[in-house]
Novice: 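This structure is in structure tokens; I'll ask about it shortly.
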Amino acid sequence: MDFNDTAEEAAFRTEARAWIEASAPTHLFDALSASTFGGMNTGDEDPLEASKRWQKKKADAGWACLMWPKEYGGRGATPIQSVIWNQEEGVYGKLSGSFIIGQGMCGPTMMAYANEEQKQQYLPRLASGEEVWCQLFSEPHGGSDLAGLRTRAEKDGDEWVVNGQKIWTSGAQYSDYGIVITRTDPTVAKHKGLTMFFIDMKSPGIDIRPIKQVNGQSGFNEVYFEDVRIPDEQRLGGVGEGWQVSITTLMNERLAIGGGISTGFPELKELVDALPLGADKAVDNPAVRSKLADWHAKAAGLRNTAARSLTALSKGEMPGPENSIGKLVAGTVMQDIAKFAMDLQGFGAVLTDPEIAEGAARFQAMLLRSPAVRIEGGTDQILRNIIAERVLGLPADMRADKGLPFNEIPTGS
Ligand SMILES: Cc1cc2nc3c(=O)[nH]c(=O)nc-3n(C[C@H](O)[C@H](O)[C@H](O)COP(=O)(O)OP(=O)(O)OC[C@H]3O[C@@H](n4cnc5c(N)ncnc54)[C@H](O)[C@@H]3O)c2cc1C
């Protein structure tokens, strides 16, 4: 591993830092720094509007979607340059949250499967944040087993008519477009009868219902389709080839989510350094120190694993399965740390008033957000299956419905 920039990387870092120092919305620095896990704080400003303003400014100066080709709104930068940019953007990178799905997953899918005219029309406005996109994959019957999805698309002339329901669709309530995977042939094996489209989220027949979460936010939605018409020219990939198209999206999903994952360790360290416990500070207590040592080792392991990916990128190689491992470990560590920090604070942990609550109740937010980290972009169990099968070469999971036509798979309902 090599933690130092090459000469070209250092020059790029200097250029990026200078532009950010001159252009970033510094009035938002304190609010953004005080953001809790899963929630963005932009003070009095509307979070989406503040995010769009920063994104547009970056796009106008050539600092949006760095790795995309210039003609589609990017910079044509290398993966390592993109990582350096993220490091330099720091706290202002939180303003990219609303665009991660569109730019990280829908964009690369459009790049691979849309026609040239569509790429020219949609990608620059996606890069500049003027239009937001969502990913309509999961359903009540298709999550980990995405190929079990039931939303139907039936051909009618030059259009497809879509009926069904999606769920957990992040950002659907403010999205302009989305990519949607549907079943177009129920008589063939489940992976073979799927077709992907991109869709205007304002189309008649789409009903978006935000889901109220335990942390009080509504990050994701139920999305119902009733006779929604999609022109055939908005099909991405061939009819029946939606599974292959979805692989492009999902590979990018793991990269987008796995990239900048937090563990909560620095926040815990800050808490125990200041929190009284008996006559001392919590950090002096042997039981606390033993836990800290364990999490410090794991956080350091994750940092070094990330550095290994960076070294690979810097040499022009593709990182291996580190991203799956990173999310798997970090999600559990974050949840354990949040629980421990809540216990340590005793009754004080339930306070929410930022004036009196420790760190503006940041560990409550972490505790309520961490289960989602262990589910989004592949659950712990699915990531373990991937690591077991593709990294360790262990025998594959049993798949009782393999090869069966979708409409002959017993469903119990
Ligand atoms: C914050 C958040 C944002 C999301 N945003 C989106 C979005 O924008 N668009 C979208 O389409 N989806 C989104 N999702 C949905 C997410 O992709 C699914 O929740 C996830 O894939 C799991 O599917 P599921 O919820 O149907 O659970 P299920 O697949 O029903 O799993 C239930 C349990 O069974 C376990 N399990 C399932 N299969 C196996 C197996 N083969 N072996 C061992 N254990 C197994 C799982 O690990 C889990 O513990 C989001 C989810 C979250 C939490």
Side-chain angles (χ1 to χ4, degrees), residues 37-40 97-107 109 132-151 164-175 177-182 190-191 194 196-199 201 208-225 242-243 245-254 256-258 261-262 324 327-328 331-332 334-335 365-366 368-390 394-402 411-412:
F37 284 87
M40 186 174 44
S98 318
F99 310 120
I100 286 178
I101 289 180
Q103 296 174 349
M105 302 165 216
C106 306
T109 310
V132 180
W133 286 54
C134 62
Q135 175 205 7
L136 299 137
F137 280 20
S138 303
E139 297 188 6
H141 291 276
S144 302
D145 180 22
L146 177 61
L149 64 89
R150 295 182 180 184
T151 293
Q165 185 205 342
K166 297 289 173 181
I167 193 166
W168 318 127
T169 317
S170 302
Q173 70 272 49
Y174 52 74
S175 285
Y177 295 92
I179 54 172
V180 57
I181 184 159
T182 62
K190 62 180 185 177
H191 292 88
L194 305 174
M196 186 84 78
F197 301 91
F198 71 90
I199 185 168
M201 291 300 287
I208 300 168
R209 302 183 194 168
I211 297 172
K212 187 85 167 170
Q213 294 158 218
V214 66
N215 60 5
Q217 296 165 354
S218 290
F220 43 42
N221 304 263
E222 295 178 298
V223 181
Y224 291 85
F225 295 82
W243 182 252
V245 181
S246 77
I247 303 285
T248 307
T249 316
L250 296 176
M251 270 168 39
N252 283 290
E253 177 171 37
R254 303 239 156 98
I257 292 181
I261 196 120
S262 316
S324 296
K327 186 178 106 66
L328 181 62
T332 321
M334 185 201 266
Q335 195 167 22
M366 202 187 285
L368 297 176
R369 165 72 189 156
S370 52
V373 175
R374 299 181 61 186
I375 299 171
E376 65 191 344
T379 64
D380 282 7
Q381 289 79 5
I382 295 302
L383 295 180
R384 285 204 167 92
N385 272 355
I386 291 173
I387 293 165
E389 292 177 23
R390 302 206 202 134
L394 296 177
D397 204 12
M398 273 204 1
R399 286 175 183 114
D401 55 7
K402 196 169 179 186
T411 61

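Not measured: the values here are computed from a predicted model. Atoms within each ligand, like the ligands themselves, are counted from 1 in listed order.
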Novice: Could you pull out, from Glu376, Glu139, Arg384, the option with a heavy atom nearest to atom 51 (C) of ligand 1?
Specialist: Glu376

Novice: Which part of Arg374 is near ligand 1, with near meaning a heavy atom under 4.0 Å away: side chain, backbone, both or neither?
Specialist: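 For Arg374, no heavy atom sits under 4.0 Å from ligand 1.
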
Novice: Could you check whether any side-chain N or O of Ser218 sits under 3.5 Å from a backbone N or O of Ile211, counting only pairs where one atom can act as donor and the other as acceptor?
Specialist: yes

Novice: Relative to the heavy atoms of Gln381, which atoms of ligand 1 are at a distance of less than 4.0 Å?
Specialist: 43 (C), 44 (N), 46 (C), 47 (O), 49 (O)

Novice: Ignoring hydrogens and angles, tell me if any N or O in the side chain of Gln213 forms a donor-acceptor pair with the backbone of Gly219 under 3.5 Å.
Specialist: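 Yes, the answer is positive, given that a donor and an acceptor are paired below the 3.5 Å cut-off.
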
Novice: Do any nitrogen or oxygen atoms of Gln135 lie less than 3.5 angstrom from nitrogen or oxygen atoms of ligand 1?
Specialist: yes

Novice: Can you name the atoms of ligand 1, numbered from 1 with element, that are less than 4.0 Å from a heavy atom of Arg369?
Specialist: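 Close to Arg369: 1 (C).
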
Novice: Tell me whether Thr169 contacts the main-chain N or O of Phe220 through its side chain, where contact means a donor paired with an acceptor under 3.5 Å.
Specialist: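 No: the side chain of Thr169 does not pair with the backbone of Phe220.
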
Novice: On a heavy-atom basis, I'd like to know which of Ile382, Ile181, Asp397 is closest to atom 39 (C) of ligand 1.
Specialist: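 The nearest heavy atom belongs to Ile382.
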
Novice: So if I count the atoms of ligand 1 from 1 in the order they appear, which ones are less than 4.0 Å from some heavy atom of Phe137?
Specialist: 11 (O)

Novice: Any side-chain donor paired with an acceptor under 3.5 Å for Gln135 and Thr249?
Specialist: no

Novice: Below 4.0 Å, non-hydrogen atoms only: which portion of Ile101 touches ligand 1? Side chain, backbone, both or neither.
Specialist: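 The side chain, only.
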
Novice: Just which atoms of ligand 1 are under 4.0 Å from any heavy atom in Ser144?
Specialist: 21 (O), 22 (C), 23 (O), 28 (P), 29 (O), 31 (O), 37 (C), 38 (N)

Novice: I'd like to know whether Phe225 forms a side-chain contact (heavy atoms from CB on, under 4.5 Å) with Val180, so could you lay out the CA-CA distance, the side-chain angles of the two residues, the decisive distance to 0.1 Å, and finally the verdict.
Specialist: CA-CA 11 Å; Phe225 295 82; Val180 57; 4.1 Å; yes

Novice: With a heavy-atom distance limit of 4.0 Å, tell me whether Asp380 approaches ligand 1 through its side chain, its backbone, both, or neither.
Specialist: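 The answer is neither; Asp380 stays 4.0 Å or more away.
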
Novice: Checking Glu139 side chain against Arg150 main chain: does a donor-acceptor pair fall under 3.5 Å?
Specialist: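 Side chain of Glu139 to backbone of Arg150, a donor-acceptor pair under 3.5 Å: yes, one is there.
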
Novice: N/O to N/O below 3.5 Å, does that happen between Thr379 and ligand 1?
Specialist: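 There is such a contact, yes.
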
Novice: Does any N or O in the side chain of Asn215 come within less than 3.5 Å of the main-chain N or O of Ala365, such that one atom is a donor and the other an acceptor?
Specialist: no

Novice: Can you tell me if Lys327 uses its side chain to pair, donor with acceptor, with the backbone of Glu376 under 3.5 Å?
Specialist: yes

